[in-house]
Amino acid sequence: MNIHNIDTAHVVLTALFFVSILVSIRFRDIAKRNTRRLKYYKSQISKEAHLARLEEYQSSTVKKKNVYYTALTGGYESFKVPEYFDPTFDYYIFTDDKDLKVFEPFKKILLDKSEDDPIRLARNVKLNPYELFFGYEYAVWVDASFLVRNSLEPYVAKVERANADLGVFPHPDRNCYEEEVAACLRKGKDDAAVIEAQRGYYVTKHDIAEINDQPLLVTGIFVANVKSDNCSIFFNAWRNEISRFSRRDQLSSSFALYKTNPSYVFLESCPDLAHLNNKYMFEIFDHLTDTDYRIPDYLPEINQITKLKISEGPRSKKAKLSK
């Protein structure tokens, strides 16, 4: 055998090996490669760039097969308009404020105020994607406090490639349900008696060890496969726990995972790339920093409003927005 050919083959195989390693590192996490350099990035997009992105979105002829949705209830926050508009997405904001200024390309959905608690009202929207968005493929929930800086389509693609029911983020600070219980009690996130009653039910009626074995999620953003029956079963179980116990949805997400066993992928494998530290994708404006957000009132304001009533429990036939 020709020694020259053997050496060439070794060189080619070695090169391919290192290329495969580089590719796996490059695409293992969607945000990791950009987060470090944008760690302290704070400024919002310019007016000209924002308008150009809106024009590009509106001129696109790509099928709108996915949906971005958020809710703003109780007047706690201002409306955060994404800095990037994905051409495969329709955009919805649900609100109980008929006077809320909403900008293109969003559709404004006015909620019936039959629910006295604005947080629970928002939860009923958040945990109802499979009924609200019949006819779409994937729904991406984004909390109202989040400013989305870049495309969310890579996250949807990650769920689609895995043929998963859900795309979620692991919690960056806590690991299990009971750690979240302790944190909620310490921070006064809800009525202590309600939180304790929920935990007591899980301890006496279910396997608390298995519930604690489920990953603890941060649920400010998730991707739901609305075509999946397993996805609908999961959200039904999650909504049911919210209606029975604490309005703090992270306290029931682990139970819903345990109860229904949906398939899921982590949108970022590293908890450090969850929302708070993922500056490439998100900027979070909480109640204290909300005044720092510059409302993009240069974008066209929409006037059309769709009214909707959502039930407190699962399987509401009235709550549906078809494509």
Side-chain angles (χ1 to χ4, degrees), residues 44 50 54 57 64 66-86 89-134 136 139-148 152 219-222 224 226 235 238-239 242-243 247-249 275 282-314 316-323:
Q44 289 178 230
H50 212 177
L54 177 62
Y57 170 84
K64 302 293 190 289
N66 304 316
V67 60
Y68 173 119
Y69 74 116
T70 189
L72 189 59
T73 57
Y76 294 117
E77 294 153 326
S78 60
F79 173 38
K80 313 296 187 301
V81 183
E83 294 186 344
Y84 186 94
F85 306 112
D86 284 296
F89 281 60
D90 276 330
Y91 288 81
Y92 292 88
I93 181 167
F94 295 77
T95 183
D96 56 359
D97 181 2
K98 62 181 178 60
D99 297 319
L100 178 70
K101 283 188 176 182
V102 174
F103 305 100
E104 295 182 7
F106 277 81
K107 298 174 176 65
K108 181 177 179 180
I109 313 299
L110 186 63
L111 296 170
D112 186 285
K113 286 190 177 184
S114 57
E115 170 61 71
D116 293 333
D117 184 346
I119 294 178
R120 288 187 181 276
L121 183 62
R123 296 286 189 268
N124 286 333
V125 171
K126 179 178 181 176
L127 306 184
N128 200 14
Y130 59 95
E131 288 182 343
L132 288 172
F133 304 116
F134 177 79
Y136 289 95
V140 181
W141 165 264
V142 181
D143 272 3
S145 59
F146 285 57
L147 172 63
V148 175
L152 295 173
T219 58
I221 293 180
F222 57 71
V226 293
F235 279 103
W238 196 0
R239 289 180 70 202
I242 295 288
S243 66
R247 66 187 187 181
R248 182 75 175 171
D249 56 19
H275 317 142
F282 314 113
E283 185 70 34
I284 302 176
F285 295 87
D286 59 24
H287 303 313
L288 298 177
T289 63
D290 193 58
T291 54
D292 295 335
Y293 176 70
R294 186 177 70 252
I295 296 174
D297 52 10
Y298 48 79
L299 294 175
E301 185 178 350
I302 62 105
N303 296 313
Q304 184 176 352
I305 299 175
T306 301
K307 294 184 178 180
L308 183 70
K309 182 175 181 178
I310 297 181
S311 71
E312 295 180 16
S316 166
K317 296 302 182 184
K318 295 181 179 179
K320 184 175 288 188
L321 294 170
S322 298
K323 281 190 66 178

Peer 1: Going through the checks in order, is the salt bridge (charged side-chain N to carboxylate O under 4.0 Å, His left out) test met by Arg123 and Asp249?
Peer 2: CA-CA 8 Å; Arg123 296 286 189 268; Asp249 56 19; 3.3 Å; yes
Peer 1: Would you mind telling me which of Ile109, Thr95, Leu110 makes a side-chain contact (heavy atoms from CB on, under 4.5 Å) with Ile305?
Peer 2: Leu110
Peer 1: Run the salt bridge (charged side-chain N to carboxylate O under 4.0 Å, His left out) test on Asp297 and Lys101 for me, step by step, so that the C-alpha distance in whole Å, both residues' side-chain angles and the decisive distance to 0.1 Å come before the verdict.
Peer 2: CA-CA 9 Å; Asp297 52 10; Lys101 283 188 176 182; 6.0 Å; no
Peer 1: For residues Leu54 and Phe85, determine if any side-chain heavy atom of one lies less than 4.5 Å from a side-chain heavy atom of the other.
Peer 2: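 Yes, at least one pair of side-chain atoms sits under 4.5 Å.
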Peer 1: Just by modelled atom types, is the Leu152 backbone N or O under 3.5 Å from a matching donor or acceptor in the Asp86 side chain?
Peer 2: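 It does hold such a pair.
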Peer 1: Start with the C-alpha distance between Asp97 and Leu72, add both sets of side-chain angles, then the distance that settles side chain to side chain contact (heavy atoms under 4.5 Å, CB included), and finish with yes or no.
Peer 2: CA-CA 8 Å; Asp97 181 2; Leu72 189 59; over 6 Å; no
Peer 1: Grab the two heavy atoms, one from Arg239 and one from Leu127, that are nearest each other, plus how far apart they are.
Peer 2: CD-O, 2.7 Å
Peer 1: Over 60° means perpendicular and under 30° means parallel, so classify the ring planes of Phe94 and Phe133, tilted if in between.
Peer 2: perpendicular
Peer 1: Tell me, do Ser78 and Phe285 make a side-chain contact under 4.5 Å, heavy atoms counted?
Peer 2: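 Counting from C-beta outward, Ser78 and Phe285 never come under 4.5 Å.
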Peer 1: A side-chain contact here means heavy atoms from C-beta on lying under 4.5 Å apart; do Ile302 and Phe106 qualify?
Peer 2: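 No, side chains not in contact.
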Peer 1: Show your reasoning for whether side chain to side chain contact (heavy atoms under 4.5 Å, CB included) applies to Tyr69 and Val140.
Peer 2: CA-CA 6 Å; Tyr69 74 116; Val140 181; 5.8 Å; no
Peer 1: Side chains of Ile242 and Arg120: closer than 4.5 Å at any heavy-atom pair?
Peer 2: yes
Peer 1: Just verifying a value: how many Å separate Phe89 CZ and Asn66 CG, rounded to the nearest 0.5 Å?
Peer 2: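 Going from the CZ atom of Phe89 to the CG atom of Asn66 covers 4.5 Å.
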Peer 1: For residues Glu83 and Gln44, report the shortest heavy-atom separation together with the two atoms involved.
Peer 2: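 What the structure gives for the nearest pair is OE2-CA, 3.4 Å.
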Peer 1: Side chains of Tyr57 and Glu104: does their closest heavy-atom pair fall under 4.5 Å?
Peer 2: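 Counting from C-beta outward, Tyr57 and Glu104 never come under 4.5 Å.
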Peer 1: Are the ring centres of Phe103 and Tyr298 closer than 6.0 Å?
Peer 2: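 Distance test on ring centres: not under 6.0 Å, no.
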Peer 1: Are side-chain heavy atoms of Lys107 and Thr306 found at a separation under 4.5 Å?
Peer 2: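 Not in contact.
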Peer 1: Ignoring hydrogens and angles, tell me if any N or O in the side chain of Tyr136 forms a donor-acceptor pair with the backbone of Pro129 under 3.5 Å.
Peer 2: no
Peer 1: Answer yes or no: is there a donor N or O on one side and an acceptor on the other, between the side chain of Lys108 and the main chain of Lys98, under 3.5 Å?
Peer 2: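 Yes.
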Peer 1: Please report the interatomic distance CG(Asn124) to CZ(Arg247), rounded to the nearest 0.5 Å.
Peer 2: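 Asn124 CG to Arg247 CZ: 13.0 Å, rounded to 0.5 Å.
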Peer 1: To the nearest 0.5 Å, what is the distance between CD1 (Ile295) and NZ (Lys80)?
Peer 2: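 Here the interatomic distance stands at 8.0 Å.
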Peer 1: Any side-chain heavy atom of Phe282 sitting closer than 4.5 Å to one from Val148?
Peer 2: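 Touching, per the 4.5 Å side-chain cut-off.
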Peer 1: Under 3.5 Å, side chain of Asp143 to main-chain N/O of Ser145, donor-acceptor pair present?
Peer 2: no
Peer 1: Give me the atom names and distance for the closest heavy-atom approach of Trp141 to Ala122.
Peer 2: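 Minimum heavy-atom separation between Trp141 and Ala122: CH2-O, 4.4 Å.
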Peer 1: Can you confirm whether Gln304 is buried at CD, in the sense that more than 12 heavy atoms of other residues, nucleotides or ligands lie under 6.0 Å from that atom?
Peer 2: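 No.
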Peer 1: Any side-chain heavy atom of Val125 within less than 4.5 Å of one from Tyr92?
Peer 2: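 They are not in contact (no side-chain heavy atoms under 4.5 Å apart), so the answer is no.
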Peer 1: To the nearest 0.5 Å, how far apart are NZ in Lys126 and CZ in Phe222?
Peer 2: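 Here the interatomic distance stands at 6.0 Å.
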Peer 1: Is a side-chain donor or acceptor of Thr70 paired with a backbone partner of Val142 at a separation under 3.5 angstrom?
Peer 2: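 Flag set: sc Thr70 to bb Val142 pair under 3.5 Å.
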Peer 1: Under 3.5 Å, is there a donor-acceptor pair between the side chain of Asp96 and the main chain of Gly74?
Peer 2: yes
